[in-house]
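Here is the structure we will look at.
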Amino acid sequence: MCGRTACSLGADNLRRACAYRDRRGRRRQPEWIQAERYRPSYNKGPQSSGPVLLSRRHLQQDADSSERVLMDMRWGLVPSWFKKDDPSKMQFNTSNCRSDTMLKKSSYKGALLKGKRCVVLADGFYEWQQHTGGKQPYFIYFPQTKDAMAEGKEGDEEWKGWRLLTMAGIFDCWEPPAGGEMLYTYTIITVDASKDVSFIHHSKAATWVKRMHALPCRRAPCCFGFPPVSPQAASSLLAYKPGFCHPALPYRCWALALSLLSPRMPAILDGDEAIRKWLDFAEVPTQEAVKLIQPTENIVFHPVSTFVNSVRNNTPECLAPIELGAKKEVKATPSSKVMLGWLKNSQEGSPQKKENDLPRWTSQFIHSPSPKKTSADILQQWLGKEGEPATKKRKA
């Protein structure tokens with residue numbers, strides 16, 4: 001699943017990073033809709049607001065559907081048909097939407113069939129690995145080139161900053177029954193985790209299996225070795241009492257079913273062509289667009305401090321790589337100082353930076369998908385040479 005992200009670029013740099021080519025091949029930058037509402041964050045959780053891309057035609061019927069706009073929407077989809085006067089009264093979690101059920105669940109089906117597709121923007125997302133000593137957070141993101149560390153020069157035509165992670169999402173617009181301002185919300189679509197990331201989730205499953213298997217089933221002998229259950233049946237056991245087999249699965253233990261739950265990750269759109277097809281609902285019908293929703297191997301990750309565990313912590317330390325086995329506190333090594341300096345400088349709202357001093361970058365999207373790199377490669381690029389200038393509720 002995806003329960004925590006980071007998006008640290010300021011509003012203007014975010015717009016430059018999302019430059020694209022429209023249907024006529026013209027280089028464009030998406031227009032911000034109410035940019036003043038957007039707040040950069042190194043630690044963003046559900047119910048907070050975040051930046052998304054969508055087709056302008058959703059807001060202006062005569063607009064070109066290939067034209068894009070940026071909006072700040074609340075994370076956690078509120079369906080347009082929700083009748084209560086307070087969205088917080090929803091009895092299920094809509095921050096994530098499973099790709100295999102999004103055309104079946106009423107919370108998402110209507111919006112998806114109406115073409116309400118969006119791209120959720122982030123530096124990357126966090127995932128936690130469960131182990132006996134607690135939870136170890138990781139930061140997961142696109143591979144970066146060495147140019148991503150450069151601050152760029154005024155007049156540069158190419159975006160040289162961080163390549164944003166572009167996740168497929170669904171949005172909807174809810175109007176309070178008593179009237180009032182429309183609320184735009186979104187959900188992030190999830191798919192089966194890629195091979196590189198699944199080890200984080202499998203560690204969780206292994207921990208759950210050990211914990212729950214310690215409580216033997218009181219209705220039947222241990223069930224390990226029996227044929228696997230379906231994902232739907234397994235997921236129904238999450239709320240079932242440990243220590244008993246589910247009545248629908250009389251010969252399969254609770255622990256085994258838990259271990260078979262599929263690890264999930266966000267559906268990532270890799271490259272501008274995938275983004276174009278996902279957003280252009282007028283040209284690309286739903287049945288064609290959903291074929292884009294596939295796991296990707298084009299990601300890297302590194303461990304970060306447990307400082308990120310609390311959503312109240314919102315500083316560059318949330319993203320800083322750490323060395324596993326060392327103390328959890330962020331160590332002030334020369335390399336980490338370089339990276340933290342770059343992270344701090346990337347904040348457009350910094351009082352040391354004026355708007356006119358910002359480089360005029362264009363696009364991170366107008367290029368081919370990055371080649372596969374290892375985590376060690378990206379960390380070496382990210383940190384650079386020392387001394388160089390810094391560049392749960394139930395599911396819906």
Side-chain angles (χ1 to χ4, degrees), residues 1-11 13-14 17 38-51 75 120-131 133-144 146 148-151 161-165 167 197 200 203 266 299-353 375-391:
M1 62 176 296
C2 178
R4 206 80 69 80
T5 66
C7 191
S8 59
L9 286 179
N13 272 346
L14 191 69
Y38 168 65
R39 294 291 181 272
S41 175
Y42 294 99
N43 195 356
K44 189 180 296 291
Q47 306 308 312
S48 65
S49 294
W75 185 3
V120 182
L121 303 170
D123 300 340
F125 69 98
Y126 299 98
E127 186 57 74
W128 279 259
Q129 183 184 59
Q130 183 104 32
H131 53 79
K135 294 182 178 181
Q136 172 58 53
Y138 287 80
F139 186 60
I140 304 169
Y141 49 99
F142 268 142
Q144 306 292 317
K146 61 182 180 180
M149 300 305 99
E151 291 188 354
W162 188 265
R163 185 188 176 194
L164 295 172
L165 196 68
M167 301 174 283
V197 176
I200 299 175
S203 296
I299 50 174
V300 292
F301 53 87
H302 63 252
V304 295
S305 168
T306 53
F307 181 75
V308 76
N309 288 3
S310 172
V311 74
R312 292 188 295 272
N313 294 331
N314 181 20
T315 64
E317 282 80 359
C318 293
L319 303 180
I322 65 166
E323 182 180 351
L324 292 180
K327 293 183 179 180
K328 298 297 182 184
E329 291 81 7
V330 177
K331 298 175 66 177
T333 63
S335 292
S336 66
K337 287 180 179 179
V338 170
M339 193 202 67
L340 292 176
W342 174 79
L343 287 171
K344 291 174 182 177
N345 288 337
S346 71
Q347 287 185 294
E348 197 171 335
S350 172
Q352 285 79 22
K353 279 199 173 185
S375 184
D377 291 336
I378 185 60
L379 286 178
Q380 183 177 4
Q381 292 175 349
W382 195 356
L383 295 175
K385 295 180 181 180
E386 294 184 11
E388 288 186 353
T391 55

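Scanning for side-chain hydrogen bond (donor to acceptor under 3.5 Å, both in side chains) contacts around S310 gives an empty result, with sequence neighbours left out. For A122, the side chain to side chain contact (heavy atoms under 4.5 Å, CB included) test picks out T5, M167, with sequence neighbours left out. In terms of the side chain to side chain contact (heavy atoms under 4.5 Å, CB included) criterion, residue partners of S48 (sequence neighbours excluded) are, by chain and number, K44. Legend: residues meeting side chain to side chain contact (heavy atoms under 4.5 Å, CB included) with P137, ordered by chain and number and at least two apart, are W128, V304, T306, V308, N309.
Counting heavy atoms from C-beta on, the side chains of L164 and D123 come closer than 4.5 Å. The side-chain heavy atoms of Q129 and Y138, taken from C-beta on, include a pair separated by under 4.5 Å.
Note that OH of Y38 is 11.0 Å distant from OG of S49, once rounded to the nearest 0.5 Å. Taken to the nearest 0.5 Å, the CG atom of L121 stands 9.0 Å off from the CG atom of L165. In this structure, the separation between OH on Y42 and CZ on F139 is 10.5 Å, given to the nearest 0.5 Å. Here the CD-CD distance, from Q136 to Q130, works out to 12.0 Å after rounding to the nearest 0.5 Å.
Side-chain atoms of H302 never come within 3.5 Å of backbone atoms of I140 as a donor-acceptor pair (strictly under, hydrogens ignored). The closest donor-acceptor contact from the side chain of Q144 to the backbone of R163 lies under 3.5 Å. Proximity of a side-chain donor or acceptor of N43 to a complementary backbone N or O of N314 within less than 3.5 Å is not detected.
Residue W75 comes nearest to C2 through the heavy atom pair CZ2-O, 3.2 Å, listed as atom of the first residue, atom of the second, then distance. Taking all atoms of both residues into account, the shortest heavy-atom contact from G124 to Y141 is CA-CB, 4.2 Å. Nearest approach of A6 to L319, heavy atoms of both residues: CB-CD2, 3.8 Å.
Annotation: W162 is not in aromatic contact with F142 [ring centroid separation under 6.0 Å not met].
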